[in-house]
Protein chains: 2
Amino acid sequence: MKIGDLSRLTGTRVETIRFYEKEGLIPAPSRTGGNYRVYDQAHLNRLSFIRRSRDLGFTLDQVRALLDLSDDRLRSCGAVDELAREQLRSVERKIEDLQALQRELASLLNQCSQGTIAECRIIEALAPG
Amino acid sequence: MKIGDLSRLTGTRVETIRFYEKEGLIPAPSRTGGNYRVYDQAHLNRLSFIRRSRDLGFTLDQVRALLDLSDDRLRSCGAVDELAREQLRSVERKIEDLQALQRELASLLNQCSQGTIAECRIIEALAPG
DNA sequence: ATGCACCCTGAAGCCACTATAGGGTCAAGC
DNA sequence: GCTTGACCCTATAGTGGCTTCAGGGTGCAT
């Protein structure tokens, strides 16, 4: 499997795959005579794991931790659970922040009567007073 | 007013104020004999405007646009309205994405029975299959 | 004279990629 | 055998919005 195939199979850009390799998230694959990277099923599995973790919002450092944990089959999954729980909390905090923002913006827009800047409620709300 | 005073009054880090100046968001202030920046009320107003816009989630480019618009008192506020509307849409999109994420994480955590990694539902969900 | 809080500049670092420059490889078609 | 075009390679710089760091200077009190 060449890098483009891996890219298509995982929905990951080629540059991102090379970036993950440089970051040590994916082991360096063997090469063809023409210096092309050659991947196997293990690479595909690992990259899929990384992408799903990223899609769930984990940082690359968290993904690294999850990968390490997932290799240690006999260990308790408490650490995994804690990582996921922390991530959930962080997502919930972000949602709350954005909802507050949403309310503020909606309220500003509600007050805008489409006149001139001088009487614009939005600009007024931003300007200090 | 020295940079530290402006920092305290606006809740902006000193380094960030210097960064805004370098970015052209705040005009370069005059200096004391000792080369310290000296700010006045106009600077305070402008920085407050920037911070409030940032708090509402506008990018620095959008802030630049808002600042330009706010100087043009006679212009219609349609452009301001459009910027705010776009920002609201973007916030709403982010909320939806995060809520999907929240549901997924919560569901994973729900299934975790705190056993070993080998039987961990979270790792299982991340691993390809 | 010494300490301390504050100020200065310029450059590098953060995250997770993305883009760009400048090239090499390989199979197909003429 | 030569070209075309899709693909691959490396190394470096750029993105946004700051933050941090190195290495110094200022100003006031003790």
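Sequence lines set the chain letters: A, B, ... in the order given, protein chains first and strands last, and positions in each chain run from 1. Here the structure is a predicted model, which means the values were calculated and not measured.
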Review point. Within this structure, what is the CD1-to-P distance between I17(A) and dA16(C), rounded to whole angstrom?
Key: 18 Å
Exercise for review: Taking only the side-chain nitrogens and oxygens of R37(A), find out if one of them lies under 4.0 Å from OP1 or OP2 of dT10(D).
Suggested key: yes
Point to revise | Of R51(B) and D5(A), the one whose closest DNA chain D nucleotide lies more 5' | key: D5(A)
Exercise for review: Mind calculating the distance between CD (E21(B)) and P (dG17(D)) to the nearest angstrom?
Suggested key: 19 Å
Check your understanding: To the side chain of N35(B), which of dT10(D), dC8(C), dC8(D) is closest?
Key -> dC8(C)
Revision key, fill the gap. Distance col, row I26(B):CD1 vs I50(B):CD1, nearest 0.5 angstrom, shows 4.5 Å
Revision key, fill the gap. note: F19(B), atom CZ; dC21(D), atom P; distance rounded to Å ~ 18 Å
Check your understanding: How many Å lie between CG on L47(B) and P on dG17(D), as a whole number?
Key -> 16 Å
Point to revise | Non-hydrogen atoms of L60(B) and R54(B) that approach each other most closely | key: CD2-CD, 3.4 Å
Review point. Quick one: which of dC9(D), dC7(C), dC17(C) gets closest to the side chain of K2(B)?
Key: dC7(C)
Check your understanding: According to a strict under-4.0 Å criterion, is T16(A) in side-chain N/O contact with OP1 or OP2 of dT18(C)?
Key -> yes
Point to revise | Residues E82(A) and R89(A) bridged, charged N to O under 4.0 Å | key: yes
Exercise for review: Let me know the distance between CD1 of I3(A) and P of dC7(D), rounded to the nearest Å.
Suggested key: 13 Å
Practice item. Measure the distance from CD on E15(A) to P on dC15(C) and round it to the nearest whole Å. Key: 21 Å
Review point. Expressed in angstrom and rounded to an integer, what is the separation of D61(A) atom CG from dG13(C) atom C1'?
Key: 15 Å
Practice item. Can you figure out which of dC8(C), dT19(D), dC9(D) approaches the side chain of R31(A) most closely? Key: dC9(D)
Review point. Base, sugar-phosphate, or nothing for K22(B), non-hydrogen atoms under 4.0 angstrom?
Key: nothing
**Study point:** Touch class at under 4.0 angstrom, heavy-atom based, for R13(B) against every strand present
**Key:** sugar-phosphate
Point to revise | Nearest heavy-atom neighbours spanning H43(A) and V38(A) | key: CE1-O, 4.5 Å
Exercise for review: Could you tell me whether the side chains of R46(A) and Y39(A) share a donor-acceptor contact shorter than 3.5 Å?
Suggested key: no
Practice item. Give the nucleotide from the list dC7(C), dA16(C), dC8(D) with an atom nearest to the side chain of L60(A). Key: dA16(C)
Practice item. Assign R18(A) to base, sugar-phosphate, or nothing according to its heavy-atom contacts below 4.0 angstrom with the strands shown. Key: base
Check your understanding: Rounded to the Å, how far apart are M1(A) CE and dC7(D) P?
Key -> 16 Å
Exercise for review: Over all heavy atoms of both residues, which pair between R75(B) and L69(B) is shortest? Give the atoms and the distance, please.
Suggested key: NE-CD2, 3.3 Å
Practice item. Compare side-chain N and O positions of T32(A) against OP1 and OP2 of dT25(C) and report whether any pair is under 4.0 Å apart. Key: no
Practice item. Establish whether the base of dG17(D) is bridged to the side chain of Y20(B) by a donor-acceptor pair shorter than 3.5 Å. Key: no
Check your understanding: Base, sugar-phosphate alone, or nothing: which one does F58(A) contact when heavy atoms must sit under 4.0 Å apart?
Key -> nothing
